[in-house]
Amino acid sequence: MNLNQKVTQFLANMPSKSISPKMLATNLGLADDADTYKNLLKTIAHLEESKAIEVTAGGNIALPQPEAAVIEGTFSANPRGFGFVRVGENEPDVFVKRGNTKFAMNEDVVEVKVTSPANPLKGNEAEGKVVAIKTRAVTGLVGEFYAFNEAEKQDSGSLLGYVVNKNKKIPFRTNISKKGLHPEVGDIVRVDITHYPDRDFPDILQGLVVEIIGKSTDTGIDVLEVLESMGIPSEFPEDVIAEANAVPEEIAEKDIIDRVDYRSEITFTIDGADAKDLDDAVHIKALANGNIELGVHIADVSYYVPEGSALDKEALNRGTSTYVTDRVVPMLPERLSNGICSLNPRVNRFTQSCVMEINADGHVVNYKISQSVIKTTERMTYSDVNEMIAGNPEFLEKFANISESVTQMAKLHANLLAMRARRGSIDFDTQESKIIVDKLGKPIDILVRKRGIAEMMIESFMLIANETVARSFATRELPFIYRVHEHPKADKLTRFIDFASVFGIPLQGTPEKMASKDLQDFMLKIKGQPGEIVLATMLLRSMQQARYDEDNLGHFGLAAEYYTHFTSPIRRYPDLLVHRLIRAESKPTSEVIEHFEAIIPEVAQQTSSRERRAIDAERAVEAMKKAEYMESYVGTEYEVTISSITRFGFFVSLPNTIEGLVHMSTLGDDFYNFNERDLTLKGERTGKVFRMGQPIKVKLIKSDKITGDIDFEHVNSELDVVEAVEKGSRGDRGGRDTRDKRPDWKKNKDKKPFYKQGRKSDGKK
């Protein structure tokens, strides 16, 4: 056996991954003689050159590792520096640690090398390292302009100052070049990015100011800044406005001829009192065979928004309307959304109607989907209808013309609710907040949004219409866009089952074959139990996110075999597309089928992404306004509930849905160990325990509107839970002081100051 073979054979059989040349020489018995050792080094060099071995960065020797798979996907950034790469709807996300992102930003298209494949049996997710950034998603941003301090000015060079934006997924300051507009301190500006973070400047962007939007003190500018920073435009392009203005105010009688006429039906809308875009109306009547006819009539937006028009392109770009505290950023101009497309009372309106015959079991036994025209009898609010359902004589008399319809609708809703319960629909009764603001946009109160029977009734009617429309296309096997909610991933369900077992509540089924009915039964078991809110929250977090898809994958949460979005075309692009499909595929040709087969996958992906963006914006504005509201209550003590436990502390929630953090660094009375299995923190000396769902007392110590962070500290009280402490537990468990800083608080002493410019040009990379 020659020396080449001896080296490679030893490397193949050694237990460690690599070895130093000296240790290799010792193990091969070649360390004592200088000439022999030199010969070994020559052999190592030859083997490296022929790629038979690798020399690591530390100078050790190892056999070449199999080339890791490199795949392309979309990077989803976390403010703490790590992220996930989405590589496909049916493939697991790849986790990327902080430091392995190659400075990718949110929604960048990247190439990621998989360094550790997923292992569902062990609950391990795939890990990887970004090796290339293919496409930058963020090319501009919006934020507030700040000047450098005196020390920073000395090294600012060609820079004016910096901009801080409110998109937490872009956690960088942006240095501003003097080559663009020159804003004043406090201006809200739009920036075109010219340089992205890199190895030399890991925490900064650089750009040019291209627009000064307003002052930070302007009324409503705080919300506008959040929306603009996330790429949600507040203004419509001129060509879009021009097309909207060209739409006639009224319907011409000649255009009604080919439509089903439902104007003789007692049809009405039911919406919130402040709603202006009324896109759905309903009628109901008893049939001679004992069944019920329910008509769901939806504004025919597709009639006014032709495919490929400027209106259509802008609607697709926006994807959805965005609803924030004090405003709506509509998908369509108000002339359409609040005007000709809105089902305003007692005027002719074009609609697409799904009229269903429903039996006593809540099943649709017959249906008709058509282009139609309606004239609503009333514009009703949820509160008015709830009063009618409650039997309030004043409201029953005021709306006597629809009182019988409301009674029938309440009964039908009960039947539909029972039908969904029988098949296993999961009801996550989550709380939503309603933020009340004054004329200046300042929050003055935060309430829990209440849902009465009227709200749930309309939801039932929209659900059954969506299912019926989806079924009609699936059974005809025509191109379509579905709203899908897939089976939860096995690893997440495994963790949830393990967590639920701590509460002593078992689940039927296995993680791979868990039925929605099994989870519904679980929700019924925990109803009214001490851990109900905690377990419901954890289960909700175990679910996959609903999305749009060209394939019918079913809706797990609703236990529905077929589902789509048909009922809100004014504010959701997929619904607009469904209406277009209903019209185009009523008499499908091969050209029509090929066209929609080609465009639907891209539309599904785009609208799913835009939906996530709108949700992020809505949450960011909500967090900002809640923090602004709480700023005046610093120092106040509250009884709260622990809503989440982490390694760095725990989150608590107030009855009005406000959440905040009790950071580990504020728990100065003990060393606290984090138990990942049952999500608890336990003091090693005191035995004090913090677990999800537990009531405790806290004091508000900080509330920051800019970041949206709300911080509390724990206050000792009779609510605290103390358990026995095992002797020697600290030493036996390797206890450590968990009162450390947050991971993202760690400072790199070698890091260059953010204001160091070091840029040679303003040209984009």
Side-chain angles (χ1 to χ4, degrees), residues 68-120 123-141 164-174 193 195-205 226 229-231 489 491-492 495 541-545 547 605-606 608-617 619-620 623 644 646-648 707-709 742-746 748 751 754 765:
V70 175
I71 51 181
E72 189 173 294
T74 303
F75 185 74
S76 179
N78 184 282
R80 292 201 180 104
F82 60 86
F84 295 86
V85 176
R86 304 191 303 273
V87 295
E89 298 295 352
N90 298 317
E91 297 294 330
D93 293 346
V94 179
F95 173 69
V96 181
K97 293 179 180 178
R98 184 174 185 171
N100 286 343
T101 66
K102 205 176 178 65
F103 310 104
M105 296 172 65
N106 197 52
E107 295 299 311
D108 284 352
V109 177
V110 301
E111 286 185 348
V112 60
K113 179 182 286 188
V114 179
T115 56
S116 176
N119 188 336
N124 296 336
E125 56 196 349
E127 291 191 19
K129 179 179 182 179
V130 175
V131 294
I133 297 173
K134 305 289 288 184
T135 307
R136 287 287 189 181
V138 179
T139 58
L141 51 82
V164 176
N165 79 95
K166 290 185 176 178
N167 186 343
K168 289 189 175 182
K169 292 189 176 182
I170 309 177
F172 308 111
R173 287 182 173 182
T174 304
I193 297 172
H195 294 283
Y196 293 88
D198 56 28
R199 183 176 297 177
D200 294 328
F201 302 92
D203 295 324
I204 60 173
L205 296 161
V226 172
S229 71
M230 294 190 172
K489 293 183 178 179
D491 57 338
K492 289 190 175 182
R495 286 195 289 269
R541 292 173 182 170
S542 301
M543 298 290 105
Q544 292 209 58
Q545 190 172 36
R547 59 184 177 83
Q605 184 177 18
Q606 161 100 341
S608 295
S609 174
R610 291 296 189 259
E611 179 187 36
R612 287 191 293 268
R613 182 181 71 175
I615 291 171
D616 286 344
R619 287 174 177 168
S644 179
T646 71
R647 292 184 182 277
F648 55 84
T707 63
D709 292 334
R742 301 184 191 183
D744 53 330
W745 287 2
K746 293 179 179 178
N748 181 354
K751 187 186 296 181
F754 77 91
K765 284 186 176 180

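Quick caveat, the model's predicted, so the values are computed rather than measured.
Remark: F103 CZ to I204 CD1 distance equals 11.0 Å, nearest 0.5 Å. Rounding to the nearest 0.5 Å gives a distance of 6.5 Å between CD of Q545 and CD of E611. Within the model, atoms CD of Q605 and CZ of R610 stand 11.0 Å from one another, a figure rounded to the nearest 0.5 Å. With values rounded to the nearest 0.5 angstrom, F95 atom CZ is found 10.0 Å from T115 atom OG1. Atom-to-atom distance recorded for R495:CZ and K489:NZ is 10.5 Å, nearest 0.5 angstrom. Here E111 contributes atom CD and K134 contributes atom NZ; the two are 4.5 Å apart, rounded to the nearest 0.5 Å.
Side-chain contact between H195 and F201: absent, with no pair of heavy atoms (C-beta onward) separated by less than 4.5 Å. The closest side-chain heavy-atom distance from S76 to R86 is below 4.5 Å. Looking only at side-chain heavy atoms (C-beta outward), V109 and E72 come within less than 4.5 Å of each other.
Formation of a donor-acceptor pair under 3.5 Å by the N165 side chain with backbone atoms of I170 is found in this model. The closest donor-acceptor contact from the side chain of N78 to the backbone of G83 lies at 3.5 Å or more, if one exists at all.
Here the closest heavy-atom approach between residue E127 and residue K97 is recorded as OE1-CE, 3.2 Å. Between Y196 and M105 the shortest heavy-atom distance is CD2-SD, 3.6 Å. Residues V110 and A104 approach most closely at CG1-CB, 3.9 Å, considering heavy atoms. Minimum interatomic distance between R613 and G231 (heavy atoms only, all atoms of both residues): NH1-O, 2.9 Å. Annotation for F82 and R98: closest pair CB-N, 3.8 Å, computed over non-hydrogen atoms. Annotation for P197 and L205: closest pair CD-CD2, 3.2 Å, computed over non-hydrogen atoms.
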query: Can you list the steps and then say if V96 with F84 is a side chain to side chain contact (heavy atoms under 4.5 Å, CB included)?
result: CA-CA 6 Å; V96 181; F84 295 86; over 6 Å; no
message: Assess the residue pair V138 and K169 against the criterion (side chain to side chain contact (heavy atoms under 4.5 Å, CB included)); give the C-alpha distance rounded to whole Å, side-chain angles, the decisive distance to 0.1 Å, and a yes or no.
response: CA-CA 11 Å; V138 179; K169 292 189 176 182; over 6 Å; no
- request: For N167 and L141, run side chain to side chain contact (heavy atoms under 4.5 Å, CB included): C-alpha distance rounded to whole Å, both residues' side-chain angles, the deciding distance at 0.1 Å, then the answer.
  value: CA-CA 9 Å; N167 186 343; L141 51 82; over 6 Å; no
